[in-house]
Amino acid sequence: MSDERGPNVGAESSESAENTENLDFIRTFVTEDLAAGKNEGRVHTRFPPEPNGYLHIGHAKAILISFGIAQEFGGKFNLRFDDTNPEKEEQEYVDAIMRDMKWLGADWEDRLYHSSDYFDTLYEWAQHLIREGKAYVCSLNGEEIREYRGTVTEPGRPSPDRDRPAAESLELLEGMKNGDFDEGAYTVRAKIDMAHANMLMRDPLLYRIRKAKHHRTGDKWNIYPMYDYAHGQGDAIEGITHSLCSLEFEVHRPLYDWFIENLPVPHVPRQIEFARLNLTYTVMSKRKLLQLVNEGHVTGWDDPRMPTICGLRRLGYTPTSIRRFCDTIGVAKRDSTVDLDLLKWSLREELNRTADRVMAVLRPLKVVITNYPEGQTEQVECVNNPEDESAGTRRVPFSREIYIEQDDFREEAPRKFFRLKPGKEVRLKHAYFITCDEVIKDDAGNIVELRCSYDPETKGGNAPDGRKVKGTLHWVSAEHAVDAEVRLYDNLFREPFPEEGGHFLDHLNPDSLEVLKDAKLEPGLASVEDNYRCQFMRQGYFCRDEDSRPGAPVFNRTVTLKDSWAKIEARK
RNA sequence: UGGGGCGUCGUCAAGUGGCAAGACACAUGGUUUUGGUCCAUGCAUUCGCAGGUUCGAAUCCUGCCGCCCCAACCA
């Protein structure tokens with residue numbers, strides 16, 4: 001009951017101490033805000049994607065941080081499409097983003113919003129700023145604006161329109177909205193400080209003229225708000241308490257706060273920035289991902305080699321493993337690049353516990369068991385998952401002719417090679433011990449078949465006389481095998497940092513995909529559904545691809561098993 | 001260069017004045033009908049560097065070094 005820490009350590013204080021233990025810096029801020037009584041005790045976050053590309057694993061981190069915090073603090077989580085640039089945004093992306101977020105488990109319930117929902121309010125607020133003398137309509141063109149802005153070391157100069165009377169600006173704004181002017185003729189700018197050390201505060205743009213059709217508002221608007229003028233206001237309107245974003249927006253925060261302070265917003269949100277995710281052996285920028293797709297280096301956004309959510313899903317990753325990964329990497333402010341091995345580990349960790357073990361021969365080598373009765377077939381009992389007894393067992397046919405993996409036989413093998421070699425005995429998983437008696441070769445000297453003999457006493461894989469074998473091989477009965485295509489995926493890039501040292505495309509891994517057309521699967525695999533995940537025993541975790549056709553299944557290798565034999569071999 | 005950030009094991013990441021958590025990776029040994037899993041052990045006398053304050057510093061102070069972001073009518 002009582003310990004030696006003294007009477008002051010009550011249940012309450014030790015509990016709160018536990019709760020603040022190991023919190024990342026954002027959760028610490030949220031906890032402090034709650035303790036200070038801010039936001040009426042509410043926690044409300046959001047994810048604000050621009051619908052101009054597909055979500056990738058970096059977005060998954062951001063989504064899971066915002067969604068996770070809302071969940072942990074009993075708060076709410078919104079999805080808001082930041083659709084302020086009609087030229088780049090498309091419905092296709094909107095649909096894909098929602099699909100991927102649902103798959104990840106980030107539930108926005110009925111709170112789906114768009115920045116474009118706020119265009120009317122934003123317009124009124126722009127009028128408000130003009131009336132207050134805090135914004136004006138500027139006639140400088142793009143080049144001039146840049147010129148007038150100055151540089152990081154020199155202050156800018158005021159626009160000649162900076163002191164345009166409010167009434168005149170208001171009228172011009174009305175004209176901009178109505179489409180009276182050409183694109184580029186005018187902009188609306190906040191009047192802040194042309195000498196500010198932060199370039200973003202040098203009279204930033206609120207609106208530009210764009211006579212583009214918007215995927216939601218159609219032709220209603222001829223002007224569209226800039227990111228900085230829309231984002232924080234959207235947060236305020238939705239009652240977002242903690243607006244979490246990546247580090248590059250840190251310099252935007254003074255402007256974010258300026259708008260909140262100078263507009264009649266209903267609520268004051270707080271922006272907090274964290275470091276975005278980088279992963280070894282891949283690239284994460286939308287531009288580069290788009291280039292990979294457009295130039296045909298991959299088959300599409302959902303190519304299993306892509307770090308996109310849909311690519312990872314197709315490769316065979318699970319939502320749970322991605323959540324686990326994001327939990328493991330944590331949240332901080334320092335730039336970092338996470339080892340791809342950690343992502344792979346997250347998947348293996350889950351699938352080791354949950355995936356069925358099945359037998360599949362990727363590169364078949366025929367074995368004839370000469371002393372096994374011709375025409376006989378028997379069913380052997382196989383454990384589905386040694387890590388989970390409740391997964392049960394299944395029966396797999398065994399017969400005189402089987403396939404084993406080419407790699408599992410060597411005519412000349414080192415003593416450490418535990419697999420099949422002439423005169424040696426190994427175990428066929430769940431079946432019998434066999435001994436290699438003869439190697440059959442074609443005219444070119446290629447090994448085309450093995451003649452082996454089995455020991456009928458070893459059924460199930462144990463010898464009554466207690467003799468042991470070092471190796472256990474997976475196999476598939478030739479007569480019963482299901483033919484399949486298997487796609488062996490590897491890292492898209494061969495360098496851990498493809499963006500360093502030359503062009504990233506120069507570091508593409510030419511062996512990122514190997515297609516095996518002649519794989520042999522155990523019969524049960526003929527009838528599984530797309531996306532079915534399992535372990536191909538001794539080889540890795542695989543997932544049935546959507547390219548599968550009746551009678552012609554296709555499997556993707558999601559991740560290999562750890563292979564310490566390969567390591568030993570590689571050392572030589 | 002002006003401003004804004006950041007520097008703790010190979011990679012992430014705790015720790016915020018009391019004497020370096022954890023995870024991945026790696027290494028070694030054991031178990032094993034997956035060379036998988038699992039188990040055991042090892043892996044930063046040191047926290048970018050240099051001074052200083054202190055009984056005591058990764059944590060406080062000073063200076064320096066390095067890396068990232070900002071000069072789109074993109075987000």
Side-chain angles (χ1 to χ4, degrees), chain A residues 21-24 48-50 52 82-85 87-89 115 138 140-142 145-147 149-156 183-184 186-189 196-202 205-210 223-224 226-228 230-231 245-254 273 275 277 280 286 325 327-346 348-349 352-353 357 359 383 386-387 416-419 427-431 433 458 460-462 468-474 496 535-540 560-569:
Chain A
E21 220 172 80
N22 270 30
L23 286 185
D24 59 64
E50 182 188 14
N52 70 342
D82 220 338
D83 53 355
T84 57
N85 185 358
E87 292 174 334
K88 289 188 181 172
E89 296 151 7
S115 292
C138 178
L140 259 26
N141 64 36
I145 288 176
R146 211 171 309 129
E147 234 176 82
R149 189 151 38 212
T151 68
V152 289
T153 51
E154 309 159 68
E183 290 192 4
Y186 292 105
T187 59
V188 181
R189 305 177 66 178
H196 202 111
N198 182 340
M199 299 294 288
L200 289 160
M201 300 295 270
R202 322 244 265 224
L205 272 59
L206 274 53
Y207 279 103
R208 74 287 210 187
I209 300 172
R210 281 285 174 283
I223 57 173
Y224 290 93
M226 302 288 291
Y227 164 84
D228 285 302
H231 198 96
C245 62
S246 48
L247 243 32
E248 73 249 43
F249 292 101
E250 202 154 24
V251 291
H252 291 248
R253 196 168 66 222
E273 313 83 9
L277 171 67
T280 56
K286 272 186 194 173
F325 170 72
D327 282 348
T328 307
I329 59 175
V331 189
K333 290 193 75 162
R334 74 179 83 109
D335 294 316
S336 63
T337 302
V338 176
D339 197 331
L340 220 210
D341 276 339
L342 191 56
L343 212 213
K344 296 182 177 181
W345 172 83
S346 305
R348 289 195 192 104
E349 193 278 329
N352 176 55
R353 287 182 284 108
R357 272 63 167 172
M359 294 195 286
V383 171
E387 306 296 317
K416 283 289 204 177
F417 187 78
F418 301 150
R419 284 113 96 143
R427 171 168 39 234
L428 295 176
K429 180 83 183 174
H430 300 306
F433 287 6
T458 57
N462 279 309
K468 304 286 182 193
V469 290
K470 251 318 204 179
T472 300
L473 312 186
H474 60 276
Q535 182 194 110
F536 284 1
M537 194 105 41
R538 302 206 300 138
Q539 309 197 84
T560 61
L561 253 30
K562 282 177 64 175
D563 188 349
S564 49
W565 168 243
K567 263 182 209 167
I568 293 168
E569 288 263 282

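Residue numbers begin at 1 in each chain, while the letters A, B, ... track the order of the sequences.
- Arg210(A) has a carboxylate O that lies under 4.0 Å from a charged side-chain N of Glu87(A), or vice versa, which qualifies the two as a salt bridge.
- Taking atom CG of residue Leu23(A) and atom P of nucleotide rA21(B), one finds them 20 Å apart after rounding to whole Å.
- The distance from atom CZ of Arg538(A) to atom P of rG36(B) is 11 Å, rounded to the nearest whole Å.
- Note: NZ (Lys286(A)) to C1' (rA75(B)) measures 7 Å, nearest angstrom.
- Spacing of C1' atoms, rC67(B) relative to rU8(B), comes out at 16 Å, to the nearest Å.
- Looking only at side-chain heavy atoms (C-beta outward), Ile568(A) and Lys416(A) stay at 4.5 Å or farther from each other.
- Of the candidate nucleotides rA13(B), rU37(B), rA75(B), rA13(B) has the atom lying nearest to any side-chain atom of Ala332(A).
- Ring orientation note: the planes of Tyr227(A) and His252(A) are nearly perpendicular, at an angle over 60° on the 30°/60° scale.
- A 4.5 Å side-chain heavy-atom check between Leu473(A) and Met537(A) finds every atom pair outside the cut-off.
- The separation of rA58(B) from rG17(B), taken at their P atoms, amounts to 13 Å, rounded to a whole angstrom.
- Between the CG atom of Asn22(A) and the P atom of rA23(B) there is a distance of 12 Å, rounded to whole Å.
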Dot-bracket notation for RNA chain B, counting Watson-Crick and G-U pairs under 3.5 Å, with | for partners on another strand: .(((((((.[[[..)..(...]]].(((((.......))))).....[[[[[..)....]]]]])))))).....

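- Taking Asp24(A) as the reference, Ile26(A), Arg27(A), Val331(A) meet the side-chain contact (heavy atoms from CB on, under 4.5 Å) condition, with sequence neighbours excluded.
- Checking the phosphate oxygens (OP1, OP2) of rG36(B), a side-chain nitrogen or oxygen of Ser564(A) falls inside 4.0 Å.
- Spacing of C1' atoms, rG15(B) relative to rA25(B), comes out at 22 Å, to the nearest Å.
- A donor-acceptor contact under 3.5 Å is not formed by the side chain of Glu248(A) with the base of rG4(B).
- Taking the P atoms as reference points, rA57(B) lies 27 Å from rA13(B), given to the whole Å.
- On the C1' atoms, rC61(B) is 12 Å away from rU54(B), given to the nearest whole Å.
- The interatomic distance linking Lys468(A) (NZ) with rG35(B) (P) rounds to 15 Å, in whole Å.
- An anti base is found at rA13(B): its glycosidic angle is more than 90° from 0.
- rG52(B) and rU45(B): their C1' atoms are spaced 22 Å apart (whole Å).
- Nucleotides rC64(B) and rU28(B) are separated by 43 Å at their C1' atoms, to the nearest Å.
- Judged by distance alone, with hydrogens and angles left aside, Gln535(A) brings a side-chain donor or acceptor within reach of the base of rU34(B), the pair sitting under 3.5 Å.
- Among the protein residues, Val251(A) comes within range of the nucleic acid bases, having at least one heavy atom under 4.0 Å from a base atom.
- The base of rG4(B) has none of its N or O atoms less than 3.5 Å from a complementary donor or acceptor on the side chain of Arg253(A).
- Taking atom CE on Met199(A) and atom P on rU1(B), their separation rounds to 16 Å, with Å as the unit.
- Between the P atoms of rG42(B) and rG4(B), the separation comes to 46 Å (whole Å).
- In this structure, the CG atom of Leu561(A) is 14 Å from the C1' atom of rU32(B), given to the nearest Å.
- In the interface, the side chain of Arg334(A) is paired with the base of rU8(B) through a donor and an acceptor atom under 3.5 Å apart.
- Here the C1' atom of nucleotide rC68(B) and the CG atom of Leu277(A) are 16 Å apart, to the nearest Å.
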